[in-house]
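Since the model is a prediction, treat every value here as computed from it, not as a measurement.
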Amino acid sequence: MALGKKIDTKTEGLDVYVYVAKTFADSPWLHYGLWEPGERPTVPRLRMAQERYVDQLLTLIPPPPLRVLDIGGGTGEMASLLVSKGYRVDMITPSPLQAEIAAEKLGANGQVYETRFEDFTGSGPYDVCLFSESFQYVKLDASLEKLEALLAPGGRVVIADCFRADAYKGDRQPGGGHRFSEFLEQIAAHGFGILDDHDVTAAAAQSMAIDQNFYREFASPAIEQIRGLLSSRRPVLYWLMARAYGLFVPRAERENIKARLKADYRSPEAFEKVNTYRFLSLKRHKDR
């Protein structure tokens with residue numbers, strides 16, 4: 001780790017979720033799952049819950065053939081699925097690694113742009129601009145302006161993502177995204193209206209139980225065991241590592257890591273209190 005570089009615990013949490021999904025659930029998907037009422041969230045069931053998410057998302061995309069821009073498409077799994085269903089798909093990701101993997105999946109069937117959406121220079125027009133857990137990472141006002149320019153007449157913006165509810169006060173809580181109330185104001189100001197709005201907060205929130213259990217039942221005990229072994233068998237090395245951790249990791253980041261490992265705040269109940277997870281379809285007023 002570079003000296004003074006901030007540890008992004010939110011990104012770290014996503015990386016852990018992706019690792020668990022790929023390694024233990026044999027799932028290519030990077031997003032939350034949708035869980036049925038009373039269903040116990042477990043890693044073996046994660047892929048099934050994630051595929052429910054995909055099925056829900058597909059209901060908001062009009063039938064092919066259409067031209068789709070998958071914004072923040074990760075490793076291209078959704079883009080590849082859409083291509084297989086007859087859509088023409090371009091994809092955006094700022095990650096060089098993700099762009100390389102996605103380009104291999106799409107081949108000649110679509111263009112992968114290695115850029116942030118705000119810096120995207122493509123001209124479209126696109127029938128669908130798709131955000132699957134990527135809308136929270138774009139700048140709200142600038143992105144809505146760009147969407148206006150990219151959409152074909154009658155085109156749609158499809159969003160599946162987490163938003164902050166008004167109950168969120170800026171403290172340490174799971175979830176993220178733009179405030180939903182601000183989002184509603186901004187889309188109205190940019191001439192967009194909502195065609196479809198599905199609140200799946202309760203179903204998505206259960207995914208937090210997998211994240212929480214990973215830290216409580218695996219990561220935290222493993223770290224404690226390693227620390228105990230080092231302190232008893234290699235006390236000098238343990239002292240040097242502890243000193244380096246205290247010197248090079250700021251106190252605020254140490255507290256974040258400690259809270260992450262304890263995972264008390266990363267529960268489905270805590271998620272539901274301060275977030276709203278929505279599947280949305282938007283259309284410009286002038287296209288109606």
- Message: Quick check for you: to the nearest 0.5 Å, what is the distance between Ile101 atom CD1 and Leu97 atom CG?
- Response: 4.0 Å
- Message: Under a 3.5 Å distance rule, please check whether Ser143 uses its side chain to pair with a backbone N or O of Lys139 as donor and acceptor.
- Response: yes
- Message: I'd like to know if the side chain of Arg179 reaches the main chain of Ala165, judged simply by a donor and an acceptor atom lying under 3.5 Å from each other, with no hydrogens or angles considered.
- Response: yes
- Shortest non-hydrogen separation from Pro41 to Glu39 and the atoms involved: CD-O, 3.3 Å
- Task: Determine, for Glu77 against Lys105, whether the closest basic-nitrogen to carboxylate-oxygen distance falls under 4.0 angstrom.
- Result: yes
- Item | Gap between atom OG of Ser231 and atom CZ of Arg233 - 0.5 Å precision | 10.5 Å
- In terms of heavy-atom contacts, Gly76 and Met91 come closest through CA-SD, 3.6 Å
- Task: Identify the residue among Tyr53, Tyr32, Trp35, Tyr277 that makes a side chain to side chain donor-acceptor pair (under 3.5 Å) with Ser207.
- Result: Trp35
- Measure from the ring center of Phe117 to the ring center of Tyr137 and say whether it is less than 6.0 Å. no
- Between the CD atom in Gln50 and the CG atom in Asp55, the distance rounded to the nearest 0.5 Å is 12.0 Å
- Message: Going by the rule salt bridge (Lys or Arg N to Asp or Glu O under 4.0 Å), which residues pair with Asp119 if we only count those two or more places apart in sequence or in a different chain?
- Response: Arg116
- Query: Hey, is the main chain of Ile92 close enough, under 3.5 Å, to the side chain of Glu114 for a donor-acceptor pair?
  - Reply: no
- Query: Is the closest basic N to carboxylate O distance between Asp199 and Arg278 below 4.0 Å?
  - Reply: yes
- Query: Hey, is the main chain of Leu66 close enough, under 3.5 Å, to the side chain of Asp127 for a donor-acceptor pair?
  - Reply: no
- Looking at side-chain heavy atoms only, is the closest gap between Leu130 and Leu57 below 4.5 Å? yes
- Item | Ser281 vs Val157, side-chain contact (heavy atoms from CB on, under 4.5 Å): CA-CA, chis, key distance, verdict | CA-CA 6 Å; Ser281 174; Val157 179; over 6 Å; no
- So do the side chains of Val68 and Tyr126 get within less than 4.5 Å of each other, counting heavy atoms only? no
- Note on the structure: For Pro64, the side-chain contact (heavy atoms from CB on, under 4.5 Å) test, sequence neighbours excluded, returns Tyr87
- Could you check His198 against Asp196 for side-chain contact (heavy atoms from CB on, under 4.5 Å), going step by step and ending with a plain yes or no? CA-CA 7 Å; His198 303 283; Asp196 301 282; 4.1 Å; yes
- Query: Does any pair with a residue in residues 86-100 pass salt bridge (charged side-chain N to carboxylate O under 4.0 Å, His left out), and if so which ones, sequence neighbours excluded?
  - Reply: Arg67-Asp90
- Query: What is the ring orientation for Phe135 with Phe163, classed by angle as parallel under 30°, tilted 30 to 60°, or perpendicular over 60°?
  - Reply: tilted
- Message: Can you list everything that forms a ring-ring contact (aromatic ring centres under 6.0 Å, His included) with Tyr168? Sequence neighbours excluded, please.
- Response: none
- Message: Looking at Glu36 and Arg45, is any side-chain nitrogen of the basic one under 4.0 Å from a carboxylate oxygen of the acidic one?
- Response: no
- Message: Quick one, Asp161 with Phe131, criterion side-chain contact (heavy atoms from CB on, under 4.5 Å). Give me CA distance, side-chain angles, the key distance, then yes/no.
- Response: CA-CA 8 Å; Asp161 213 336; Phe131 296 86; 5.6 Å; no
For a quick test of your reading: what N or O donor-acceptor pairs under 3.5 Å do the side chains of residues 184-195 make, sequence neighbours left out?
from   : atom 1 : to     : atom 2 : distance (Å)
His190 : ND1    : Glu148 : OE2    : 3.0
His190 : NE2    : Asp141 : OD1    : 2.7

- Can you measure from CG (Asp166) to OG (Ser181) and round to the nearest 0.5 angstrom? 4.0 Å
- Query: Could you state the interatomic distance from NZ (Lys85) to CG (Leu82), rounded to the nearest 0.5 Å?
  - Reply: 8.5 Å
- Message: Restricting to side-chain contact (heavy atoms from CB on, under 4.5 Å), what partner residues turn up for Gln98, sequence neighbours left out?
- Response: Thr75, Thr93, Ser95
- With a 4.0 Å cut-off, would you call Glu269 and Lys273 a salt bridge? no
- Just how far is it from atom CG of Leu106 to atom OG of Ser80, taken to the nearest 0.5 Å? 6.0 Å
